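Throughout, a chain's letter reflects where its sequence line sits, starting with A, and its residues are numbered from 1. None of these values were measured; they are calculated from a predicted model. Every heavy atom of this structure was used, including side-chain atoms; hydrogens, water molecules and symmetry mates were not.
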Amino acid sequence: MSTPEPKDAFGAKFGMWLFLFTELILFSGLFILYAVYLAKYPKEFASAGQQLSVPFGAVNTLVLLTSSLFVAMATTSIQRGQKKLTEWLLAGTAFSAVIFMVNKYFEWSAKFHHGIYPDAPGLKELPQGEQIFYGLYFATTGLHGLHVLIGLALFLYVWGTVRSEKVHAEDYGLLENSGLYWHLVDLIWIFIFPLYYLVL
Amino acid sequence: MSQPASASTDSSRGYLASSGKGPALFEWIFSTDHKRIGLLYLWCITTFFLMGVVLGLLIRLELIAPGPTIMNAQTYNAVFTLHGVIMIFLFIVPGIPAIFGNLFMPIQIGANDVAFPRLNLLSWWCYIIGALTAVTALFSGGGPPDTGWTFYVPFSTMTQSNVSMATVAVFILGFSSILTGINFVVTVHRLRTKGMTWRRLPLFVWALYATAWIQVLATPILGITVLLVFLERFVGVGLFDAAKGGDPVMYQHLFWIYSHPAVYIMILPGMGVISEVLPVFARKRVFGYWAIAMSGLAIAGAGSLVWGHHMFASGMSDMAVLVFSFLTFIVAIPSAIKVFNWVATLYKGSITLAPPMLFSLAFIILFSIGGLQGLLLGAAATDIHVHDTYFVVSHFHFVMFGGTGFGFFAALHYWFPKMFGRMYNATAATTAWVFMVSGFLVLYLSMAVVGLQGMPRRYYDYLPEFTNLNVSATVGSWILGAGLALMFANLLVGLFRGGPAPANPWKAATLEWTLSSPLPAENFEEEVEVTEGPYEFHEVKPS
């Protein structure tokens, strides 16, 4: 086996950025469909978009932005060697992810309660454009929610590595790259929120 | 090609030797050494290739006569789907980068491993899990998938066969491909040794670099597309379902946004191999180094903009057809630049017709035929005539099998001594090559003609007037199959009984040939410094 190379923090970050591109492109498939179907059914998209709850969306936007702030602060505090503060900030990030998912759970439940879920019998009565809107809504926010859950697991793990001092002031690439991932999850939501909740 | 073993031949078997600790299998399947991972891929991918070959031979045997011959129609649909899925996702896409890229790319740039060795191992595990999922899909659920490798909706969302599991398999395999791509891009950027400037990079590395970018940028689109098919089947989300306002043609767009660039993922590494082999066996510096390197990037870029040419008959606006047709012609330019530069490399060279060279020459000719067929298909008017006929099947096999497949065989014969430290029998390899090329031409030229006559592809049955050409295609498949059998048998004999290989049997100038055969466990004991390009052959006087 080859000897361990010295850690290449720049290389790791480079790899992470490439991975973030792949994530963006994964979501871009759904955004392409959104663009095409919006052009095809502008009226139906508008009327279905009115049904989404802006308060739910706004609260989640706020929660995610705050959690992104926590991660950014954690990245700084670990570099300053403030271990305890870093742990708290990471816990705050993970907690925000939980709040986001709880909020999402209530939002989706309300929709389900109104008989709006994929393949619902009531949904088929609606105009085709609205069916497509809800299909996109569930697919996009569902995939995004999955990313939030992955982020949650990731930050619990990072929290553990900070506690056990595997991640410390000299070697914090894992934390920083996890932060990059979290900012991406945040960024995608920043596009989802206006496209689905606001502009229609 | 039997040369005496030199002092540098490693009798301790280098990286192949077991350390003797723990089960021998674990030393391989949990190894993060890029060379071992490359060999793991070699065995797995070759196994799936042989499975795909057998399925292909069965398809041809079924089509030797009109009407049912050896299987029923449903089995036939499953067999051609499997042939496609296995050959595309388990052989051609990962083939050259995962095997030869892993084995030799780090060494060619003077590195001791790839940038992320553990990620590399994860890629292999994703490949294996994805492959096993694909195989499981055959024997579970509602029977083997019968949609063709393209999973077109609405059929793929309605069929009772086990498409869901197949799409999961494709998703996981996509992960494997993306992770390898990320790894290779970072490796090329970060781990080049001292003096290994971008203008001294072997062209194989350039090709892998371009490929890796496409893998990173295109594969996620396939991911979301098959994910949506999966969601459609399980929860009926309706994004491609016309009854719910969706547009099935959008599926085709998304599918081809990945799958057209994917054919360049498949062909570019093959082109890289050829660019490596030709100068070595012509004893001449490669002609147009920058033209070859940059045309690879140009293919990667322009190839991402032409997906619509798969859909001329699917219902697009005339304007879209015109634009996609035009862009398709643009891609032909960098491909042709490569072919002309290869031929110019041969010009006035001192050519040795060793097996790797023969396979490379076959690549150039077969790929050129396939490329010209591609222009017929890229022109919208002729495409309407030949769309979905055997002409398309012929074209695809000329570029993919004649191109990438023969590039793979060239790589196998070129690097075999370096991988295993043994030589194969060159006469047997040449004989196999004769069989393969002649069988190939009989098989796929028959398909081209029968396609021009109007025989549709994927059909189980055909009109009696197509019988003669189908018989000749099937006979061609036997000749080709015999050639393949001979080639692999010869390599296996070489693997176990071949004479020891010298460190540099071909007198090549890239870094892997400065190491012992088989490769040592540790690539470079100390950092190497590169002072000249990869194609400076010193017995040749500079002109």
Checking heavy atoms, do the side chain of [X], its backbone, both or neither come under 4.5 Å from chain A?
{"X": "L227(B)", "result": "side chain"}
{"X": "L217(B)", "result": "both"}
{"X": "N183(B)", "result": "neither"}
{"X": "L228(B)", "result": "side chain"}
{"X": "I221(B)", "result": "both"}

### Message
Determine whether a donor-acceptor pair (N or O, by modelled atom type, separation under 3.5 Å) exists between the side chain of Q128(A) and the backbone of A242(B).
### Response
yes
### Task
Return yes if some donor-acceptor pair links the side-chain N/O of Y37(A) with the main-chain N/O of G245(B) below 3.5 Å, else return no.
no
Enclosure of [X] [atom1] (heavy-atom neighbours >12, cutoff 6.0 Å):
{"X": "E529(B)", "atom1": "CD", "result": "yes"}
{"X": "F30(B)", "atom1": "CZ", "result": "yes"}
{"X": "Y152(B)", "atom1": "OH", "result": "yes"}
{"X": "F112(A)", "atom1": "CZ", "result": "yes"}
{"X": "W17(A)", "atom1": "CH2", "result": "no"}
{"X": "Y181(A)", "atom1": "OH", "result": "yes"}

Can you find a heavy atom in the side chain of [X] that is under 4.5 Å from one in the side chain of [Y]?
{"X": "W213(B)", "Y": "L18(A)", "answer": "yes"}
{"X": "V186(B)", "Y": "D8(A)", "answer": "no"}
{"X": "T219(B)", "Y": "T22(A)", "answer": "no"}

### Derivation of the side-chain contact (heavy atoms from CB on, under 4.5 Å) call for V185(B) and F14(A)
CA-CA 9 Å; V185(B) 170; F14(A) 186 8; 3.9 Å; yes
### Query
Out of G181(B), A218(B), A243(B), which one racks up the most heavy-atom pairs below 4.5 Å with chain A?
A243(B)
### Query
What residue, out of V237(B), L222(B), L179(B), L119(B), has the most heavy-atom pairs lying under 4.5 Å from chain A?
V237(B)
### Query
Contact part of L24(A) toward chain B, heavy-atom cut-off under 4.5 Å: side chain, backbone, both or neither?
neither
#### Entry: Region of Y134(A) in contact with chain B, defined by heavy-atom distances below 4.5 Å
neither
### Query
Between Y41(A), F27(A), F21(A), which shows the greatest number of heavy-atom pairs under 4.5 Å with chain B?
Y41(A)
### Task
Residue by residue, scan residues 49-88 of chain A and write down, ordered by number, those that have a heavy-atom distance under 4.5 Å to chain B; if none do, write 'none'.
none
### Task
Search all heavy atoms of G135(A) against all heavy atoms of L239(B) and return the closest pair with its distance.
C-CD2, 3.8 Å
## Note on the structure
Looking only at heavy atoms, the pair that brings K244(B) and I132(A) closest together is O-CG1, 3.2 Å
Using 0.5 Å steps for rounding, measure from the [atom1] atom of [X] to the [atom2] atom of [Y].
{"X": "L143(A)", "Y": "L231(B)", "atom1": "CG", "atom2": "CG", "result": "8.5 Å"}
{"X": "K40(A)", "Y": "D247(B)", "atom1": "NZ", "atom2": "CG", "result": "4.5 Å"}
{"X": "E232(B)", "Y": "D119(A)", "atom1": "CD", "atom2": "CG", "result": "8.0 Å"}

